[in-house]
Amino acid sequence: MKRPIFILFLMLALGLNAQSVSFLQFEDEDLYKETQSVRETYSSQTAFLKHLEGMSNKSLSKFVRKKGVTEKLIKQANEFFDKMWYAEAARIFDIVLEKSEAEHTFELLSRAGDSHYFSGNMEKAYKWYHELYLTFTDDISEEKFFKYAHALKGTGRYRRAAKLTQLFRQKRNEPLNELGKDPNSWKSPRLVEVKNLAINSKYSEFSPMFHKDNEVVFASSLDSSFLTTRKYRWNNQPFLDLYVAKADVENDNLTQPKKFSRKINTKYHEASVSFSPDQKTIYFTRNNYGKKLKRGKNGINHLKIYKSQLVDGEWTKAVELPFNSEDYSTGHPSVSPDGKKIYFVSDRPGGFGGTDVYVADILENGKFSEPQNLGRTVNTSKKEMFPYITNDALYFSSDRTMGLGGLDIYKSDHVDGIFSVGINLGEPINSNRDDFSYIIEESGEKGYFASNRKGGKGDDDIYSFKNILNLNAISGNVLDDLTGEAIAEAEVMLFDKDDIQVAQLRTQSDGSFIFKNLQPVSRYTLKTVKKGYFDAATNVDTKENEDVSLIQSLIPVEEIIAEDEGVLKLEVETIYFDFDKFNIKPRAAQELDKLVAVMTEYPDMVIKIESHTDAIGTRAYNKYLSDKRAKSTRDYIIAHGIDPGRIESAVGYGEEQLLNDCSDGVRCGRTKHSENRRSEFIIVNM
C-alpha cells in the first residue's frame with residue numbers, strides 16, 4: 001500500500017525487516033545520497049516501463065511472446081519487488097500475467113498480489129490473490145490468506161471474507177473465537193458527520209494530535225521546498241515531517257499548515273506525536289539515528305520514540321526514551337491526560353502479535369518505569385497501533401480478523417488500569433480501507449482521524465468527525481392477542497438486515513420497549529419471545545431520524561387448543577403437502593413449530609397424528625403416501641425435542657376421510673383437491 005502508515009509499522013506482518021528497509025534503501029553514509037549508478041539504473045528502468053505502457057495491446061502481447069522476454073520481465077519485476085518498489089513491480093507482473101504465456105506459478109501470483117497490496121490497489125490485489133487461492137488452496141499460508149481476506153474486505157466482499165476465513169481456520173483446526181460477531185461491534189450504528197480537511201494534499205497526512213487551545217500537529221509527506229523534494233522509493237513520496245495547523249472550530253476544519261519546528265523536523269521521518277498536559281514536552285516517532293542511521297544486529301534501522309522540551313519558546317535537541325532498542329521498534333506515543341503514563345506501540349519480544357500496545361509510568365525524576373503489555377483484551381495475534389488515551393478509554397487501530405477493512409479503529413474502556421475488550425467503532429469512522437490515528441476531544445463529540453478511503457485527496461487524508469444526535473428508534477408495546485393486555489418481561493430481540501442480532505431487552509410492566517440509536521432508513525426484524533406464547537417476528541423499516549412505533553401481539557399457546565365434537569385438537573393452520581410428496585415444506589414447518597411450542601408448554605400432553613391425501617391416484621398408493629406424511633410429521637416433531645412417547649400414533653388414512661366431494665370419478669380443480677392433503681393433531685391426554 002502506498003502509505004507512510006506502512007513505514008510506521010503496518011508492514012510488520014512481514015517482520016520489521018520489510019518495514020524498516022522500506023524507506024532505507026541506502027547505505028549508512030547518507031540516507032539520501034544515492035550513487036550515480038543507482039539513479040541511472042532507476043531512470044532507465046522507469047523509462048523502460050513507460051515504453052512498455054506506451055505500446056498498444058497487440059504490440060505488447062507480441063513483444064512479451066518473443067523468446068526470452070518474459071523471463072527478463074519477471075527478473076526485472078522481482079528486482080523491483082526485492083527493493084520494495086512495489087508500484088513498478090506491480091506493473092510488470094501485470095504485463096507478464098495478462099499478456100504473456102508464462103505459467104501462473106505460486107510465486108508469480110503471490111508477488112503480483114503483494115505488489116498491488118503494498119501499493120494500495122485492492123482490486124488488482126484481489127484479482128491475483130483470488131487466483132492464487134483457487135489454484136493453490138492447500139499451499140496458502142496464514143500470512144498470505146490474511147492479505148487475501150483484507151483484499152476481499154477492501155473491495156467490499158465482506159461475506160466472502162467471513163466465509164473463507166471460517167473455512168480456512170476450520171481446515172487447519174484453528175480456533176474460531178475471533179470470528180464471532182459481537183452485537184456491540186461494527187454493526188452497531190452511529191450518526192457521525194465525517195469531513196475531509198482543507199490541509200490534505202496529494203501526499204499523505206495522518207497522525208493528528210491536539211496542541212495548545214486551537215492547533216493540531218500532524219505528519220505529512222508534503223515538502224514545501226522549491227529546490228529539492230526528498231523521496232523514498234516505497235511510493236515515490238517525500239519523507240515525513242511534522243506540521244501544525246489552526247483548528248477552525250466553526251467549520252470543523254484545519255487551516256494554515258506550516259512546518260512545526262526546525263529542531264524537531266529532520267531529513268528523516270518524524271510522525272505520531274503526543275504532548276505533556278502543560279504542552280512543554282513533546283514525544284514523537286523518528287528513525288533511529290545519530291550522525292548516521294543506526295542499525296540493529298539484524299541490520300535493520302528501527303523506529304524510536306524521542307522526547308524534546310520547550311525552553312524559552314524553542315524545542316531542545318531531542319533525546320530518545322530509555323525503553324527504545326536497537327533491535328526492535330518503538331513508536332506511536334500517547335501521554336495520559338494526567339501526564340503520568342505514556343502508551344506506545346512496539347514489536348519487542350514477548351508480545352502477542354505483530355505490534356502490541358504497551359504502557360510505562362512517567363516518573364517525577366524524568367525517568368520511566370519498565371513498560372507493561374496491556375494484555376489480551378487490547379492486543380491480539382495481529383497488529384495493534386496508533387493508541388490514543390483519554391480519561392476513560394483507549395482508542396487504537398488494529399488489522400485483526402473480521403474488521404471492515406485493513407486497519408479499523410477500536411475503543412477499549414478502562415478503569416484503574418483494567419482495559420475492556422476493544423469494540424469496533426463501526427461505520428462511518430471505519431471503512432473498507434485503513435482507518436487509524438483517531439483522537440477525540442474531552443467532550444466526546446468531535447475529533448480527527450486518518451484514512452486512505454476512496455474519495456480522498458491523497459494516499460492518507462485527515463478527516464474531522466462530529467457526533468450527531470441520533471433520534472432513530474423502534475419502540476412499541478407487546479400485547480396479548482386474545483385479551484389486549486400488556487405483556488411484561490417479554491424478551492424482544494432486534495436483528496439487522498443481515499439477520500445478525502444487534503440488541504436485546506425485556507418489556508416494562510406496561511409492555512413497552514424501545515431500541516435507540518439505530519441506522520436511518522434501514523430494515524430491522526423484531527423477534528418477541530414469552531413463555532406461554534408463540535414467538536412473533538415483525539419486519540420494521542426505520543425512517544430519517546425519528547421514532548417508529550408498533551404493536552407486537554403474541555398469541556397464547558393455549559389458543560390453538562380447541563374442542564371439535566367432543567374431541568380436543570390442536571388447531572394449527574393446515575399442514576399441506578405438495579402433490580405426491582411427503583417432505584415438510586417451510587410453511588408447514590412454521591406451523592409444526594407452533595405444535596412443538598404447545599407440547600413444550602404442556603409437558604403431559606400426548607397426541608396422535610392423522611394424515612390424509614386427495615383422491616388422485618389409487619387407494620392403495622394414497623394409503624401408503626398418507627402414512628409416509630404422518631410419519632414425516634412425527635419425525636419433525638421428535639427432531640425438535642419432543643419425546644417420541646408423547647406421540648401415540650402417526651397413521652395415514654389415504655383418501656378415506658375427504659373434506660369435500662372430490663372422490664374418485666368426480667371432476668375437481670387443483671385447489672379443491674389440495675384441501676384434502678393435510679395432517680391433523682388430536683389431543684389424547686393433557
Side-chain angles (χ1 to χ4, degrees), residues 1-7 9-15 17-25 41-42 44-53 60 64 69-100 102-136 139-155 204 231-237 399 405-407 432-434 452 454 459-460:
M1 294 185 183
K2 297 167 54 181
R3 299 182 294 283
I5 180 174
F6 284 96
I7 304 307
F9 293 118
L10 190 54
M11 288 314 303
L12 285 171
L14 303 179
N17 184 44
Q19 173 266 321
S20 299
V21 176
S22 64
F23 57 91
L24 298 174
Q25 302 296 329
T41 299
Y42 183 74
S44 63
Q45 289 168 338
T46 53
F48 175 63
L49 269 177
K50 290 180 180 179
H51 174 68
L52 292 177
E53 292 171 347
L60 184 59
V64 298
V69 171
T70 298
E71 291 75 11
K72 291 180 180 178
L73 287 174
I74 294 174
K75 180 180 179 182
Q76 180 65 74
N78 285 331
E79 289 179 1
F80 279 141
F81 187 92
D82 292 338
K83 293 177 180 178
M84 298 187 184
W85 298 355
Y86 294 118
E88 289 85 353
R91 278 138 65 183
I92 297 182
F93 282 129
D94 283 350
I95 291 172
V96 171
L97 289 168
E98 294 173 350
K99 303 297 181 182
S100 79
E103 181 184 357
H104 289 202
T105 64
F106 182 93
E107 182 180 13
L108 194 57
L109 290 169
S110 175
R111 287 201 158 201
D114 286 350
S115 296
H116 285 295
Y117 182 87
F118 296 149
S119 54
N121 189 335
M122 286 295 115
E123 283 292 348
K124 272 301 185 96
Y126 162 74
K127 177 180 180 178
W128 301 128
Y129 285 151
H130 184 60
E131 183 177 341
L132 181 73
Y133 178 79
L134 294 179
T135 310
F136 301 98
D139 300 321
I140 296 289
S141 65
E142 174 77 19
E143 173 263 325
K144 194 67 63 181
F145 181 84
F146 189 57
K147 285 186 283 188
Y148 174 41
H150 274 184
L152 285 166
K153 289 183 285 186
T155 54
S204 287
K231 296 182 179 181
Y232 54 98
R233 290 296 188 214
W234 185 285
N235 62 359
N236 210 29
Q237 288 194 9
D399 63 355
L407 283 176
N432 63 354
R433 295 299 182 92
D434 293 313
N452 68 336
K454 290 183 178 180
D459 281 345
D460 297 311

Enquirer: Could you tell me which non-hydrogen atom of L407 sits nearest to which non-hydrogen atom of D399, and how far apart they are?
Expert: CD2-N, 3.7 Å
Enquirer: How many angstroms lie between atom CD of E103 and atom CG of L97, to the nearest 0.5 angstrom?
Expert: 11.0 Å
Enquirer: Look at the rings of F81 and Y86 and say which category their plane angle falls in: under 30° parallel, 30 to 60° tilted, over 60° perpendicular.
Expert: perpendicular
Enquirer: If we ignore angles and hydrogens, is there a donor and acceptor under 3.5 Å between the side chains of D114 and W128?
Expert: no
Enquirer: Roughly how far apart are S141 OG and K147 NZ, rounded to 0.5 Å?
Expert: 7.5 Å
Enquirer: Taking the side chain as every heavy atom from C-beta outward, state whether F106 and I140 have any atom pair closer than 4.5 Å.
Expert: yes
Enquirer: Mind listing the closest non-hydrogen atom pair of A102 and T70 along with its distance?
Expert: CB-CG2, 3.6 Å
Enquirer: Should the ring pair Y148 and H130 be called parallel, tilted or perpendicular, given that the plane angle runs from 0 to 90° and is split at 30 and 60?
Expert: tilted
Enquirer: Within a strict 4.5 Å, meaning less than it, do heavy atoms of the L109 and F136 side chains meet?
Expert: yes
Enquirer: Grab the two heavy atoms, one from S115 and one from A89, that are nearest each other, plus how far apart they are.
Expert: OG-CB, 3.7 Å
Enquirer: Measuring only between side-chain heavy atoms, which start at C-beta, is Q76 closer than 4.5 Å to E71?
Expert: no
Enquirer: What's the verdict on side-chain contact (heavy atoms from CB on, under 4.5 Å) for Y129 and F145, showing C-alpha distance, side-chain angles and the deciding distance?
Expert: CA-CA 8 Å; Y129 285 151; F145 181 84; over 6 Å; no
Enquirer: Using side-chain heavy atoms (C-beta onward) and a distance below 4.5 Å, is D94 in contact with H116?
Expert: yes
Enquirer: Just how far is it from atom CG of L132 to atom NE2 of H104, taken to the nearest 0.5 Å?
Expert: 12.0 Å
Enquirer: Do you know the tightest heavy-atom contact between D459 and N452?
Expert: O-CB, 2.9 Å
Enquirer: Find the distance between NZ (K99) and CG (L73) and round it off to the nearest 0.5 Å.
Expert: 13.0 Å
Enquirer: Between K144 and D139, does any side-chain N to carboxylate O distance fall below 4.0 Å?
Expert: no
Enquirer: Using a strict cut-off of less than 4.0 Å between a Lys/Arg side-chain nitrogen and an Asp/Glu carboxylate oxygen, indicate whether D82 and R111 qualify as a salt bridge.
Expert: yes
